[in-house]
Trainee: 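The structure under discussion is supplied below as structure tokens; questions concerning it will follow.
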Amino acid sequence: MTDSDCCRDGTTAPLSRLPWGTHACLIYQHRHDLIDTLVPYFQSGLEQNARCIWITTEPLQAGSARRVLARSVKDLDRRLERRQVEILDARDWYFREGTFSGIAAAENCIKNGLEAQEGGYEGLFITGNLSWLTAAEWDAFMGYEATINRSLKDNRINAVCAYPLGACGACELLEIASTHQTAVIRQNGAWRQIDTGETPASLEEQKKKALDQIEANIEQFATLADRIRHPLQVLMAMADLAENEQSDAIRQQARNIDAVVRQLDAGWAGSRAIREYLMNHDLAGALPAPVTEPGPCPRPGEYPGSRRSS
């Protein structure tokens, strides 16, 4: 075993503690970059009683990965025997009948995550090295990465996808970053972690904020429409009573204002429709009770608590 096969202390923090549901990418240059990051990653998983799967290829194949992991995990043989740890070849994971299959890879990931929990583990820590990836598989693999990025937030699975920097141009790096929540790369001799998307926790926070804003919009649209319509009706009545040279001008301006109010109506109905869509598709989570009872959308004047509803 060479010096490059030894894990270097002090360089491993970015992947050592990830929240469940994290999909990260590791941009590496050398073999020891994989060791410096992935060995502590799996140590963290084992400390959390997770099942661990290491999908390997050049420059760190299965036999070498097993040896470097054994230096830090003293009872590795026992964990391998009971399949808490598995070290596999990339061809056995990503390929079906000799061809890359995103469906097969996604099924493998989700199935192993479920099996881990059924087997009494807290979840699954998994990593795969993508140095085998060629231009022919690139688009299909990016589609697979996007699918995994959406799926992991609902599962107790952490995944790290390792890409060799030398095989990636600027466009490829941007695509990789867009399909992962966070990226880890070595810069000036130190590891940097860059958040490229929403973490599972922040996704929930953003969803709640958006839904709260929709609720506020519904209230505001209805209130504004009522507050405008009431004085508008008074103006129209006064114009009819006066019936002088200004009456036609007042009526025209009232019609212009009414057109703006109708836009508020549309915004109110649109916000309510979005809210109902989110609820019907189970995207809203636990929300406060709807402002109106289920049924046809009432006009703002019929809104509960409206002055015109009395």
Side-chain angles (χ1 to χ4, degrees), residues 7-8 11-48 50-57 60 65 69 85-88 90 93-94 102 105-106 108-110 112-113 116 122-133 138 141-165 167-168 172-187 190-206:
C7 183
R8 305 172 184 189
T11 63
T12 58
L15 296 178
S16 61
R17 286 290 173 183
L18 298 176
W20 286 115
T22 297
H23 185 214
C25 60
L26 165 65
I27 310 300
Y28 71 91
Q29 289 183 280
H30 307 290
R31 171 188 172 103
H32 63 74
D33 292 342
L34 293 169
I35 298 168
D36 285 350
T37 51
L38 298 180
V39 169
Y41 168 70
F42 283 124
Q43 282 182 288
S44 175
L46 294 174
E47 288 169 3
Q48 296 176 62
R51 189 173 173 218
C52 299
I53 297 178
W54 193 342
I55 305 162
T56 64
T57 188
L60 189 67
L69 191 57
V85 176
E86 287 189 83
I87 302 175
L88 309 173
W93 184 271
Y94 295 111
N108 283 339
C109 184
I110 301 302
N112 277 274
E122 291 299 314
L124 175 68
F125 273 48
I126 184 170
T127 185
N129 186 358
L130 288 315
S131 67
W132 55 268
L133 200 57
W138 183 265
F141 198 84
M142 287 300 104
Y144 156 76
E145 289 280 50
T147 298
I148 290 296
N149 207 43
R150 292 190 298 268
S151 302
L152 289 197
K153 63 184 177 63
D154 297 321
N155 292 277
R156 292 181 69 81
I157 300 174
N158 285 342
V160 175
C161 304
Y163 289 85
L165 179 61
C168 300
E172 287 81 9
L173 289 173
L174 285 173
E175 275 197 273
I176 293 167
S178 71
T179 55
H180 294 80
Q181 297 161 11
T182 188
V184 176
I185 189 168
R186 191 186 291 275
Q187 186 177 51
W191 286 106
R192 288 191 61 199
Q193 182 171 334
I194 305 166
D195 290 332
T196 59
E198 301 292 351
T199 64
S202 63
L203 280 171
E204 290 301 317
E205 291 170 3
Q206 292 298 320

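Heads up: numbering here begins at 1 and tracks the sequence. Bear in mind the structure is a predicted one, so any value in this text is a computation, not a measurement.
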Trainee: Given 3.5 Å as the limit, does a donor-acceptor pair link the side chain of Thr127 with the main chain of Val160, or not?
Mentor: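 The answer is yes, because a donor-acceptor pair under 3.5 Å joins these two groups.
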Trainee: Leu165: what forms a side-chain contact (heavy atoms from CB on, under 4.5 Å) with it, not counting sequence neighbours?
Mentor: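 Residues passing side-chain contact (heavy atoms from CB on, under 4.5 Å) with Leu165: Ile27, Gln29, Leu173.
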Trainee: Going by the rule side-chain hydrogen bond (donor to acceptor under 3.5 Å, both in side chains), which residues pair with Asn155 if we only count those two or more places apart in sequence or in a different chain?
Mentor: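 Asn155 satisfies side-chain hydrogen bond (donor to acceptor under 3.5 Å, both in side chains) with no residue once adjacent residues are dropped.
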Trainee: Hey, does the side chain of Thr22 reach the backbone of Leu18 with a donor-acceptor pair shorter than 3.5 angstrom?
Mentor: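 Not a single qualifying donor-acceptor pair exists.
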Trainee: Glu122: what forms a salt bridge (Lys or Arg N to Asp or Glu O under 4.0 Å) with it, not counting sequence neighbours?
Mentor: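 Glu122 satisfies salt bridge (Lys or Arg N to Asp or Glu O under 4.0 Å) with Arg156 once adjacent residues are dropped.
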Trainee: Please check if the side chain of Asn112 supplies one atom and the backbone of Cys109 the other of a donor-acceptor pair under 3.5 Å.
Mentor: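 No; zero donor-acceptor contacts below 3.5 Å.
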Trainee: Can you list everything that forms a side-chain contact (heavy atoms from CB on, under 4.5 Å) with Ala159? Sequence neighbours excluded, please.
Mentor: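 With sequence neighbours excluded, Ala159 shows a side-chain contact (heavy atoms from CB on, under 4.5 Å) to His23, Ile126, Leu152, given in chain and number order.
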Trainee: Return the set of residues passing side-chain contact (heavy atoms from CB on, under 4.5 Å) with Gln48 (not counting sequence neighbours), or none when no residue passes.
Mentor: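 Listed in chain order: Arg17, Trp20, Ser44, Phe125.
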Trainee: Does some side-chain heavy atom of Cys52 sit less than 4.5 Å from a side-chain heavy atom of Leu46?
Mentor: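 In contact.
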Trainee: With a 4.5 Å heavy-atom cut-off, do Ile194 and Thr182 have their side chains touching?
Mentor: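 No, too far: nothing below the 4.5 Å cut-off.
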Trainee: Quick one: ring pair (Phe, Tyr, Trp, His ring centres under 6.0 Å) partners of Phe42, sequence neighbours excluded?
Mentor: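 Only Trp54 meet the ring pair (Phe, Tyr, Trp, His ring centres under 6.0 Å) criterion with Phe42.
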Trainee: Okay, side chain of Thr56, backbone of Leu88: is any donor-acceptor separation there less than 3.5 Å?
Mentor: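 Yes, Thr56 side chain to Leu88 backbone: donor-acceptor pair under 3.5 Å.
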Trainee: The criterion is side-chain hydrogen bond (donor to acceptor under 3.5 Å, both in side chains); which residues satisfy it with Asn129, sequence neighbours excluded?
Mentor: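 Asn129: side-chain hydrogen bond (donor to acceptor under 3.5 Å, both in side chains) contacts with Tyr28.
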Trainee: Could I get the full list of side-chain contact (heavy atoms from CB on, under 4.5 Å) partners for Ala146, not counting sequence neighbours?
Mentor: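 Expected list: Arg150, Thr179.
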Trainee: List the residues meeting side-chain hydrogen bond (donor to acceptor under 3.5 Å, both in side chains) with Asn108, not counting sequence neighbours, and say none if there are none.
Mentor: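 Counting only residues at least two positions away or on another chain, Asn108 forms no side-chain hydrogen bond (donor to acceptor under 3.5 Å, both in side chains).
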Trainee: Excluding sequence neighbours, so at least two apart, what forms side-chain hydrogen bond (donor to acceptor under 3.5 Å, both in side chains) with Tyr94?
Mentor: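 Result, side-chain hydrogen bond (donor to acceptor under 3.5 Å, both in side chains) vs Tyr94: none returned.
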Trainee: Identify the two heavy atoms, one from Tyr144 and one from Gly102, that lie closest to each other, and give their separation to 0.1 Å.
Mentor: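 Smallest interatomic distance, heavy atoms only, reads CD1-O, 3.5 Å.
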